[in-house]
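All residue numbers refer to positions in the sequence shown, counting from 1.
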Amino acid sequence: MRFVAEGPDIPNDLIRDWRNGEVLFLAGAGVSAPSKLPLFDGLVLEVYKSLRDPLFDVLVKAKKRRRSSGREKVFDAVNLPPEKRVEARLFFDKQYDRLFSALEKRIDPDLRGRPKTRKVRQAVEKILTGKKYSSSHYDLLKLSLAPNSTGDRSKRLSCRIITTNFDLLFEAAWKEQFKSEPVSFDARMAPRPGAHNFDGIIHLHGNLTDDSSLPGNYVLSSRDLLAYIFARG
């Protein structure tokens, strides 16, 4: 079924499952693009720019080269040191979680090489805050509404949506849509799927915080990912 003349052909079975509340929506970084938030590669570049790291200009210049050999020539021309060359190669290999681990080790280390300051995280949080939600957030929230698990029609509908995003734009849209405080979880603390209270916005990789006195708890680097896996058991 097509709802728009040139739109996608949505299977009838999927529409039926959606009407029965059996479809779970998963939203990635693209949903926040209309709010002028970057995708992961753009986030990396904006972090370098925010930190005034010379690698920003090198990466921008190297992006114009299609071949890896051409990019290596750019690195050679500026005599890129080994640690920054590793970051640059990780960027073009799209291994952004490993890149952030390497960047934090270089920018925010203590004497043992572990993160001490939060310059990288502060740059990330500044880039991802202060934006307004878009109609994409609003519409996805409405589409994700489903009958509550109790079957009691007198109770409000459940809203279930999973996102890989750190930003809180779904929460902002929730306040506008439902005129209430959002139900929101870090995936590590969320109710299990199928539970009677499985409801709300679930941040699969953690999320920022709207409390300026508290740091966000989110999976940015490969180091975070390992900690997350071991925490989950």
Pairwise side-chain contact, Leu37 with Asn165, heavy-atom cut-off 4.5 Å (strictly under) | no
State whether the side chain of Arg160 and the backbone N or O of Ala146 hold a donor-acceptor pair below 3.5 Å, judged by distance alone.
-> no
Joint hydrophobic cluster, Leu169 plus Ile161, side-chain heavy atoms closer than 4.5 Å = no
State, with a plain yes or no, whether a side-chain heavy atom of Cys159 is found less than 4.5 Å away from one of Val183.
-> no
Please report the C-alpha distance between Phe170 and Val31 in whole Å, then the side-chain angles of each, then the deciding distance to 0.1 Å, and finally whether the side-chain contact (heavy atoms from CB on, under 4.5 Å) criterion is met.
-> CA-CA 10 Å; Phe170 274 120; Val31 73; 4.1 Å; yes
Which atom pair, heavy atoms only, marks the closest approach of Gly206 to Asp186?
-> CA-OD2, 3.7 Å
Give the cluster check for Leu208 versus Leu43: same hydrophobic cluster or not, with ILVMFWY residues linked at side-chain heavy-atom distances below 4.5 Å.
-> yes
At what distance, to the nearest 0.5 angstrom, does NZ of Lys36 lie from NZ of Lys132?
-> 14.0 Å
Are Val120 and Leu128 connected in the hydrophobic side-chain network, where two residues link if heavy atoms are under 4.5 Å apart?
-> yes
Sidechain-backbone polar pair: Arg71 side chain, Ala62 backbone, donor-acceptor under 3.5 Å = no
Under the side-chain contact (heavy atoms from CB on, under 4.5 Å) rule, what do Phe100 and Val44 come out as? Steps first, then yes or no, please.
-> CA-CA 8 Å; Phe100 273 117; Val44 172; 3.7 Å; yes
Would you confirm whether Ser158, through its side chain, and Asp199, through its main-chain N or O, come within 3.5 Å as a donor-acceptor pair?
-> no
Closest non-hydrogen atom pair between Ile15 and Ile10, with its separation | CG1-CG2, 3.8 Å
Within the side chain of His203, is there an N or O that forms a donor-acceptor pair under 3.5 Å with the backbone of Thr163?
-> no
Side chains of Glu171 and Asn207: closer than 4.5 Å at any heavy-atom pair?
-> no
Nearest-0.5 Å distance that lies between atom OG in Ser101 and atom CD in Gln95 = 11.0 Å
Report yes if some heavy atom in the side chain of Glu176 is under 4.5 Å from a heavy atom in the side chain of Tyr138; otherwise report no.
-> yes
Determine the minimum heavy-atom distance between Ser35 and Ser134, stating which atoms define it.
-> OG-N, 3.5 Å
Please round to the nearest 0.5 Å and tell me the distance separating atom CG of Asp57 and atom NZ of Lys49.
-> 9.5 Å
How about Phe185 and Pro191: do any of their side-chain heavy atoms sit closer than 4.5 Å?
-> yes
Mind checking the CG-CG spacing from Leu90 to Asp97? Nearest 0.5 Å is all I need.
-> 8.5 Å
Grab the two heavy atoms, one from Asp210 and one from Leu168, that are nearest each other, plus how far apart they are.
-> N-CD1, 3.6 Å
Donor-acceptor under 3.5 Å (Trp174 side chain, Leu141 main chain) | no
Single-linkage hydrophobic cluster Val124~Leu39, side-chain heavy atoms < 4.5 angstrom | no
When you check the side-chain N and O atoms of Asp108 and Thr117, is any donor under 3.5 Å from an acceptor?
-> yes
Asp224 with Arg121: basic N within carboxylate O range, under 4.0 Å | yes
In plain terms, say whether Arg19 and Glu22 are close enough for a salt bridge, that is, a side-chain N and a carboxylate O under 4.0 Å apart.
-> no
Heavy-atom check, side chain of Phe91 versus side chain of Val58, under 4.5 Å | no
Do Val60 and Leu103 belong together in a cluster built from hydrophobic side chains that touch within less than 4.5 Å?
-> yes
Can you list the steps and then say if Leu99 with Phe40 is a side-chain contact (heavy atoms from CB on, under 4.5 Å)?
-> CA-CA 11 Å; Leu99 186 155; Phe40 218 158; over 6 Å; no
Report yes or no: do His137 and Gln177 form a side-chain donor-acceptor pair below 3.5 Å?
-> no
Roughly how far, to the nearest 0.5 Å, is the CZ atom of Arg118 from the CD atom of Glu125?
-> 4.5 Å
Is any NZ, NE, NH1 or NH2 atom of the basic residue among Glu87 and Arg106 found under 4.0 Å from an Asp or Glu carboxylate oxygen of the other?
-> yes
Indicate yes or no: does Glu72 engage Arg89 in a salt bridge with an N to O separation below 4.0 Å.
-> yes
Going by heavy atoms in the side chains, are Tyr133 and Lys175 under 4.5 Å from each other?
-> no
Going by heavy atoms in the side chains, are Phe92 and Leu59 under 4.5 Å from each other?
-> yes
Between Lys84 and Asp53, is the closest basic N to carboxylate O distance under 4.0 Å?
-> yes
What distance do Leu55 atom CG and Phe75 atom CZ have between them, rounded to the nearest 0.5 Å?
-> 7.5 Å
Shortest non-hydrogen contact between Phe166 and Val219, atoms and distance = CZ-O, 3.2 Å
Could you list the residues that satisfy side-chain contact (heavy atoms from CB on, under 4.5 Å) with Asp139, not counting sequence neighbours?
-> Ser135, Lys142
Begin with the C-alpha distance, continue with both residues' side-chain angles, and end with the deciding distance and a verdict on side-chain contact (heavy atoms from CB on, under 4.5 Å) for Leu45 and Lys63.
-> CA-CA 11 Å; Leu45 289 175; Lys63 280 189 73 175; 4.1 Å; yes
Just wondering, more than 12 heavy atoms not from Arg16 lying within 6.0 Å of its CZ?
-> yes
Between Gly28 and Thr164, what is the shortest heavy-atom contact and its length?
-> CA-OG1, 3.4 Å
